[in-house]
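Chain letters run A, B, ... following the sequence lines, proteins first and then strands; every chain starts at 1.
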There are 2 protein chains.
Amino acid sequence: MRPKLNDVAREAGVSPTTVSRVINNHGYLSEKTKNKVFEAMKELNYQPNSIARSLHGKQTNLIGVLFSSVSNPFFGELVEKIENKLFKLGYKTILCNSADNKEKERVYLNMLIANQVDGIIAGAHNLGIKEYEKVGLPIISFDRYLSDTIPIVSSDNYQGAVLATQELYQNGARTIYLFASSKTPNSPTDRRRTGYLETMERLNLTAHEKVISSSMTATVKALLIKQILTTDSIDGIFCTDDLTALIVLRQARELGLRVPQDLKVIGYDGTQFIQNYHPELTTIAQPINDMGELLVELLLQRIEDEKTELKHHYVLPVKLIRNQSSSQFD
Amino acid sequence: MRPKLNDVAREAGVSPTTVSRVINNHGYLSEKTKNKVFEAMKELNYQPNSIARSLHGKQTNLIGVLFSSVSNPFFGELVEKIENKLFKLGYKTILCNSADNKEKERVYLNMLIANQVDGIIAGAHNLGIKEYEKVGLPIISFDRYLSDTIPIVSSDNYQGAVLATQELYQNGARTIYLFASSKTPNSPTDRRRTGYLETMERLNLTAHEKVISSSMTATVKALLIKQILTTDSIDGIFCTDDLTALIVLRQARELGLRVPQDLKVIGYDGTQFIQNYHPELTTIAQPINDMGELLVELLLQRIEDEKTELKHHYVLPVKLIRNQSSSQFD
DNA sequence: TTTTTTATGACGTACGATTGACATATTGAA
DNA sequence: TTCAATATGTCAATCGTACGTCATAAAAAA
């Protein structure tokens, strides 16, 4: 049986109240007593039962972190940043991988409520506004609109797309395609799409959109992309995520297309992973670190004071990482 | 204020006791009352406060999942499997990224205890046996020895190394190097090392070991590897992880070494990610799915009955995934 | 009709810690 | 010496739920 507050009191030769006071640093306390109590705690390897403390209305210091999947390096890295920051501030991360499953997301949401989490960082959004609004907990959303009261943190998707399209253009591409992972409004991909479309228009070029759905397996994506590369005559592709860009590079190589001479490719996300292991890929890097920090920062502000005025949308700048896949002399 | 059991009782026009009975399906209950209660629960959007339930001695249904980092695709995928399985069985995952930091790991361990987790899956091990033994909770370890009482789940590291080395040999390599991510006993890498060494001996070949420390950045690794490839005359490399293998492939390409003609390379892990995005790499695939399932399975057995007899070491079979990096005709 | 079985309510205690009210003792300063 | 500040103890209520004990009533079986 784990030791409890009373055991510590007995061990230290003080009253339970005093032990509680020491733990919470509450009221008058002499150094001597404090030390006695601390020693007793160490001796018994005592950890205050946070369940009991939470029941008292104290915070649980639990934060629900809801993403579709951590096996995607982008989310893996973002979740890692978030977890790190939360840990530093004394919070614990409950990891929820919704796998883009509406039902799972709903169950998770309820579970988080039942577990009295202090707040939620939501990076998976398959549910409607209503479901999120009735949660009644501080929520910060990553990169997607949930409701008018839930702040959003995202990278500058529009500007990223503009940069990407311009980069392709400046390096000589004229038949520039967009490979988008989905085509849903309210999704970040859609701002990237808009950025692409408007830039193409400004450049007086014809836009070409292809949806490479994120629900497809890599093999199917590869097949589809190979087909597009074979039938269409393309010299520039902006992929709304790096992983799709990797497939494009591979298919291009297999088809004997030279990159960047025949085909310029640019991705989006710019994870550390991509930078480390695919330094040939030009990409729009999201500020993963800053986004993680900000998500946590804002959430904690809301937790400390639920009436804190927050902007509805925090847009963080992106950065073009120019590499060989778009520019011969990088 | 969130609704409580009493509110539900009032709403449903029954006694609190009855509501509790409905929730826990305890004692005699008519369909009619059940429905009334369920409707009231839905009406008020009521979620039993799991904090309060836990305090009452029930399980918390929280599991601590301790790994060094989820941004590494291998751990990302494994954690995802674990989280999935746990979720299916009604458990919640508290994610802990120790970042190979001893202090962080210790703090996390204490935190998990304070949070009354029902058990721990430990995939980060920088602490000594004692620290893990005094946790006093069901623990299952991934791929590393923690103590005599803590079961281990791992892939067949020895056999994997044997397969890898043989594969290189059978494809003609004779100067076969081992690129190991560390050189600590008790670590899985060490069994891979042993497998390599013994196979080399059996083949009457001279072993060559190089440590490519996992604490180095990708750039430094690349530099070091380039140097080795330049000075030493090598025709086969077994890397104890896939990411290092990727760097080797890239450096070889930059040095004009043809793979697999001049140099054969084989990695270890075989994540879905590698299979999707680097289908050229021959690798020893760990059964990530099975390992995740087994880790959870064993842990829950221990939780349900702490005296369950478990084997001390569960070794799951690995599979050679033969691709172009080791064999010209794959 | 009598006895079981089924269905619900009322009440109290427990889980482990927090916290306020109140009492008492030991200091040190005025 | 006397008052205030400091230091500790006792006691009880509280958080939201679970569940055992009793009591009671209705429905079903004997």
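- Of the N and O atoms on the side chains of B:Arg53 and B:Asn24, at least one donor lies less than 3.5 Å from an acceptor on the other residue.
- The side chain of A:Arg53 places no N or O atom within less than 4.0 Å of a non-bridging phosphate oxygen (OP1 or OP2) of C:dA17.
- A donor-acceptor contact under 3.5 angstrom links the side chains of A:Gln59 and A:Tyr91, judged on distance only.
- Among the atoms of the strands shown, only primed sugar atoms or phosphate atoms (P, OP1, OP2) are found under 4.0 Å from some heavy atom of B:Val14.
- When each of B:Ser30 and B:Leu55 is assigned the nucleotide of DNA chain C with its nearest heavy atom, B:Ser30 is the one assigned upstream, toward the 5' end.
- Between the CD1 atom of A:Ile51 and the P atom of C:dA17 there is a distance of 11 Å, given to the nearest Å.
- A salt bridge links A:Glu31 to A:Lys34: one of the charged nitrogens lies within less than 4.0 Å of a carboxylate oxygen.
- As rounded to whole Å, 9 Å separates atom P of D:dT17 from atom CG of B:Asp7.
- Using a 4.0 Å heavy-atom criterion, one finds that A:Ser54 contacts no nucleic acid atom at all.
- Counting all heavy atoms, side chain and backbone alike, B:Ser68 lies closest to B:Ala124 at N-CB, 3.8 Å.
- Cation-pi geometry between A:Lys104 and B:Phe87 is met: the NZ or CZ atom falls under 6.0 Å from the ring centre, inside 45° of the normal.
- Going from atom CG of B:Asn25 over to atom P of D:dA18 covers 12 Å, rounded to whole Å.
- Between A:Lys4 atom NZ and C:dA14 atom P there is a gap of 12 Å when expressed in whole angstrom units.
- Protein atom CG of A:Asn6 is 13 Å distant from nucleotide atom C1' of C:dT18, rounded to whole Å.
- For B:Lys32 and C:dT6, the NZ to C1' distance is 13 Å, given to the nearest whole Å.
- Between the side chains of B:Ser155 and B:Gln286, a donor-acceptor pair is found at a separation under 3.5 Å.
- For A:Ser15, taking side-chain heavy atoms from C-beta onward, the closest of the listed nucleotides D:dA5, D:dT10, D:dA18 is D:dT10.
- A straight line from CZ of B:Arg2 to C1' of D:dC15 spans 13 Å, rounded to a whole angstrom.
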With 3.5 Å as the limit, what N/O pairs link the protein to nucleotides 19-23 of chain C?
unit_1 : atom_1 : unit_2  : atom_2 : d
C:dT19 : OP1    : A:Lys58 : NZ     : 2.9
C:dG20 : OP2    : A:His26 : NE2    : 3.4

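- Each of A:Lys88, A:Lys81, A:Lys85 was evaluated against A:Glu297; a single residue qualifies, A:Lys85, per the salt bridge (Lys or Arg N to Asp or Glu O under 4.0 Å) test.
- Distance CG (B:Asn115) to P (C:dC15): 21 Å, rounded to an integer number of Å.
- A:Tyr28 has no side-chain polar atom (N or O) that falls below the 4.0 Å cut-off from OP1 or OP2 of D:dA7.
- Within the 4.0 angstrom heavy-atom criterion, only backbone atoms of the sugar-phosphate kind lie near A:Leu29; the bases stay farther away.
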